[in-house]
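This report refers to the structure that appears directly beneath it.
Just so it is clear, the model here is predicted, and its values are computed rather than measured. Lettering of chains follows the sequences in order, A, B, ..., and the numbering in each one begins at 1.
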Amino acid sequence: MKFIGKFDPLKDEVVRIMDKNGKIIDEKLVPKMTDKELIDAYSLMNLSRRQDDFQNKAQRQGRLLSFLSSTGQEASEIGYTLPLIKGKDWFSSGYRNNAAWLSVGMPMRNIMLYWMGNEYGGQSPKGVNSLPPNIIIGSQFSHATGIAFAEKYRGTGGVAVTTTGDGGMSEGETYEAMNFAKIHELPVIFICENNKWAISTPYKKSTKSLNIAVKGIATGMPSIKVDGNDLLAVYAVAKEAVEHARSGKGPVFIECDTYRLGAHSSSDNPDIYRPKAEFEEALKSDPLIRMKKYLIDKKIWTDKKQEALDKKQDEFIRAEFDWAEANKSYELEDVFNFQFAEKTPDLEKQYKEAKEFFAKYPEVAKGGHH
Amino acid sequence: MKVLNNVKAVSEALEVAMEKWDDVVVYGEDAGYEGGVFRATEGLQAKFGEKRCFDAPISEAVFAGVAIGMAVNKMKPVVELQFEGLGWPSLQNILGHMGRMRNRTRGKYPTPVVIRMPMGGGIRALELHSEAMEAMYAHTPGIKVVCPSTPYDTKGLILAAIESPDPVIVFEPTKLYRAFKQEVPEGFYTVEIGKAFKIQEGNDLTVVTYGAQTVDCQKAIDELEEKNPDVTIELIDLRSIQPWDKEMIFESVKKTGRLLVVHEAIRSFSVSAEIIASVNEECFEYLKAPSMRCTGYDIVIPFDSGEAYHQPHPKKILVKMEEILNYKF
Ligand SMILES: Cc1ncc(C[n+]2csc(CCOP(=O)(O)OP(=O)(O)O)c2C)c(N)n1
């Protein structure tokens, strides 16, 4: 173990491998990653950032309902999902996990469909074990615990990862889930992405504890704080945690110390509550810029490669968006078909009633009557 | 008089209450500094200080529970849930304690908490931001439930709720927050909990509704009356869901002989089920047609792409009204 048990949250110690300029602080801690793996990880961060930007613009044009962007958190989300094995491990997300969803294998078009208001967007494709975005804060922690319980019970070897924000750590359910998981020594990794704001409520008004990581300690599980804008650090710690959990040693809690660079959601205006100086300071720790500098220093990345990547990704994002927009509406059946395994007689009757109505007045199905 | 929309009427009510009673405190997620995501509590922290209007941590169970403790100890907490569907972690305390404490202590510890929550759909919101589960709360003994639809009623009912010796849940239809304005008296006044409001008189059919559907019903009725100049419809805004104004509704049904209840909440075990059952018990011999309802279906509230299937719509209401009016035994 290089990290767990070595970095003490009670002394507010933080795992950091590269500094703000992408320079390695401690060579001994650098995780083994091939050049390709590094570039792939960075490309995913870049993709998620560009998707966020695209969606922000689309939302302003009224083409997305709303969404909660991961801008600023890409290093965390990619870092803690990379060690997962597709098809075997699980992701029980919050609602602000764009980069993580891409990383675990959610098709971008699904993510977009979800934010366009179509339930099919929440369905993960075959071979991807990812729950839909979770809007009710806290409950994703207990779902992950249950998933992990089943993995251990059946001996199938999978690990579950779940995450919430700093504000979400005030929910009783997050603690209850961690306590349960530790009692049963379940293979689950709990993450808090401490991005310093819960809508307009600052971190300092959500908790008076030394840091978030100490909140895991009371359950008895190893807890650790990591620089959430340092991809190498998050990845290294998460990898160790996943191995720990997979080998039967129980859950781990990780605080990713990061910053929400965007608005809370597309209907929020952070200028009302967020000090400008704090935001400008946070910009200096942008995880993308840091990672890019690291790759350039390593001589495996160039501005030219960046330009080509941006172009390729923008085209991909546009194509996925066009597909989602063209496929976002659905039939009446879809609101009735998934309530139960089989429609109850009463639901069947309601469906029939609705079908007759909408056949006669199809314009009503379009909504927007106000 | 002031001209206010619904959300401003909420702020105005809270301001008046905080001036009138020192023990009123207001809190909820983001309700302090920013004034909540809908800005319903905007300005209160600036005026009354952080001690009386503050941001709660994201922990609905505790902030509903804390409100119960405050109320037991003679304060008047007004709690904001950010959205109805996101307040469910608080149900433990609302259903399990708030509604029961007075009874359990044989009247010694009443819990006059006010819990406000934005409710309902039609605003193109995300999952769990459009719920309408008022029947669940109304079904719980010991809790009063109101749902104002106009600025006048919003201010008056919130003040009545704060003045009430019992716990009251105030459902604020999100769709109507900024939909229209109305003249509202300055200062303190109340709208009695349990009293409905007759929006218009009529002889042939009683339409009972509340919240955002008051607007839909009015549209449907205007269209029907224009097409059928001999027909007049009585439209009643329930305003109070529990207790509800049986007297006004029975009297109206006895006059018109026909009843339609409209709400967006799912159909089974709903407010309309209660009203229609009561009308059957009390007005059976006056009925010229079966009482009917126009509601959402028994489905999870669809995301935006399917929401229009579920929401009541003036056309759906119109079709139902015609069905009742043309009914032959
Ligand atoms: C149980 C519950 N209560 C309230 C909300 C409304 N809400 C949505 S996001 C949010 C702030 C969450 O902040 P944080 O946990 O720090 O995560 P972040 O959004 O910053 O990633 C709130 C209060 C919710 N979704 N669920």
Nearest atoms (heavy-atom pairs only) where [X] meets [Y]:
X	Y	result
A:Val364	B:His313	CG1-CG, 3.5 Å
B:Asp30	A:Ala198	OD1-O, 3.2 Å
B:Tyr309	A:Ala365	CE2-CB, 3.6 Å
A:Asn118	B:Ser305	CB-OG, 4.0 Å
B:Ala125	A:Leu65	O-CD1, 3.7 Å
B:Gly85	A:Ile136	O-CD1, 3.6 Å

Please output the residues of residues 44-54 of chain B in contact with chain A, using a heavy-atom cutoff of under 4.5 Å, in numerical order.
B:Glu50
Mind ranking B:Gln82, B:His129, B:Glu60 by heavy-atom pairs under 4.5 Å with chain A and telling me who comes out on top?
B:Glu60
Heavy-atom pairs under 4.5 Å with chain A: which of B:Asp55, B:Asp298, B:Val62 has the most?
B:Asp298
Do B:Glu127 and A:Tyr95 pair up side chain to side chain, a donor and an acceptor below 3.5 Å, judged on atom types alone?
no
Candidate list A:Ile199, A:Asn269, A:Thr201, test side-chain contact (heavy atoms from CB on, under 4.5 Å), partner B:Glu34, passing option:
A:Ile199
Output the residues of residues 339-355 of chain A for which the shortest heavy-atom distance to chain B is under 4.5 Å, in residue-number order; output 'none' if no such residue exists.
A:Gln339, A:Asp346, A:Leu347, A:Gln350, A:Glu353, A:Ala354
A:Glu356 and B:Val319, any side-chain heavy atoms less than 4.5 Å apart
no
Audit row: B:Leu126, A:Leu68, side chain to side chain contact (heavy atoms under 4.5 Å, CB included) steps and yes/no:
CA-CA 11 Å; B:Leu126 287 178; A:Leu68 298 101; 4.2 Å; yes
Under 4.5 Å from any heavy atom of chain A, what part of B:Val37 do you find: side chain, backbone, both or neither?
side chain
Check: A:Tyr273 main-chain N/O paired with B:Tyr33 side-chain donor or acceptor under 3.5 Å
no
